[in-house]
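In what follows, a structure is listed as structure tokens, so that the remarks can point back to it.
Chain letters run A, B, ... following the sequence lines, proteins first and then strands; every chain starts at 1.
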Amino acid sequence: MEENVPAPKRSEFNKGAWTAEEDRKLAEVIAVHGARRWRTIANIAGLNRCGKSCRLRWMNYLRPNIKRGNITDQEEDLILRLHKLLGNRWSLIAGRLPGRTDNEIKNYWNSHLSKKVNQNEKQSGGSARQGCKTQKRLAENANEEAREENTCAGCEDPNIGFDVDEFFDFSNEDTRNLEWVSRFLQVDEGFN
DNA sequence: AACAACCTCAACCGCATCAGA
DNA sequence: GTCTGATGCGGTTGAGGTTGT
């Protein structure tokens, strides 16, 4: 039934804003077939969209449990701290903020936080460089750790007194998370 | 009221990586 | 080991809304 539907050529795909009808069709098909094989899903749903577009729509808008708007002060603080640690690793940052998407965080950063950070750096005489080295190091670690779980990132550096599992297990304990991030930032500041 | 400038955010694009044949 | 399609990510764009003049 499903894969006999000929896929449109790339140039024939619909672009631009999604309609409520398209959303409904997409959600229906995903409910039955699951959120994978996006090209097939697009075909089954009869959407004149590419698979990528369907995936993005689902991930950023239709997926259940998505929080929309109103980033709280606590979330903002966490974003700032995680960005300092990880750089533009939006998906990693989003993974620590339940219900938030990488796209939303990226947009929020670009429209709100980047300005804030720039202002702060100007005021404080700009210690951006200092953070840079650590940020790169941490981003690299984060990538490796994401792949090879169960290794100890802190083991290499005796100054870093935290557990890597804790690093990636933010669960929902926001307060605790902020605590270790603070701890890490203290280590970071003592790095130079 | 009219227009320009600015802001926000959904969506697209290109590239990298992964997984299966 | 190689090829190919699927998936994921980060950067960028552009439409629509808001604010300022």
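- Protein atom CG of A:Leu86 is 10 Å distant from nucleotide atom P of C:dG10, rounded to whole Å.
- The minimum heavy-atom distance linking A:Ile71 with A:Glu76 is given by the pair CG2-N, 3.9 Å.
- Scored by the side chain to side chain contact (heavy atoms under 4.5 Å, CB included) test, A:Asn60 finds A:Leu56, A:Thr101, A:Asp102, A:Asn103 as partners (sequence neighbours excluded).
- A:Ser53 is linked by a side chain to side chain contact (heavy atoms under 4.5 Å, CB included) to A:Trp18, A:Arg49, A:Cys50, counting only residues two or more places apart in sequence or in another chain.
- Remark: A:Ser111 engages no residue in a side chain to side chain donor-acceptor pair (under 3.5 Å) (not counting sequence neighbours).
- The nucleotide whose nearest atom lies closest to any side-chain atom of A:Ser111 is, among C:dG10, C:dA6, B:dC9, B:dC9.
- At a threshold of 4.5 Å between side-chain heavy atoms, the hydrophobic network of Ile, Leu, Val, Met, Phe, Trp and Tyr places A:Leu78 and A:Ile66 in two separate groups.
- Rounded to 10 degrees, the angle between the two end axes of the helix from B:dA2-C:dT21 to B:dA21-C:dT2 is 10°, with five pairs used at each end.
- Residues satisfying the salt bridge (Lys or Arg N to Asp or Glu O under 4.0 Å) criterion with A:Arg24, sequence neighbours excluded, are A:Glu21, A:Glu28.
- If you take CD1 on A:Ile93 and OH on A:Tyr108, they are separated by 13.5 Å, rounding to the nearest 0.5 Å.
- The stretch residues 53-65 of chain A touches DNA chain B through A:Ser53, A:Leu56, A:Arg57, each having a heavy atom within less than 4.0 Å of the strand.
- Counting distance only, with no hydrogens placed and no angle test, the side-chain atoms of A:Lys52 and the base atoms of B:dG14 include a donor-acceptor pair under 3.5 Å.
- Under the side chain to side chain donor-acceptor pair (under 3.5 Å) criterion, A:Arg57 pairs with A:Asp23, not counting sequence neighbours.
- Atom pair A:Arg49:CZ and B:dC12:C1' shows a separation of 11 Å (rounding to whole Å applied).
- The salt bridge (Lys or Arg N to Asp or Glu O under 4.0 Å) test applied to A:Glu75 returns A:Lys67, A:Arg100, not counting sequence neighbours.
- Contact check, A:Asn88 against C:dG11: a side-chain N or O comes under 4.0 Å of OP1 or OP2.
- Between A:Trp38 and A:Trp58, the angle of the ring planes lies from 30° to 60°, which puts this pair in the tilted group.
- No engagement by A:Gly51 is indicated, since no non-hydrogen atom pair under 4.0 Å with the nucleic acid exists.
- At C:dG11, one or more side-chain N or O atoms of A:Trp90 fall inside 4.0 Å of OP1 or OP2 (strictly under the cut-off).
- For DNA chain B, the neighbouring residues in residues 100-107 of chain A, judged by any heavy atom under 4.0 Å, are A:Asn103, A:Asn107.
- Within the structure, a side-chain polar atom (N or O) of A:Ser91 is placed less than 4.0 Å from OP1 or OP2 of C:dC9.
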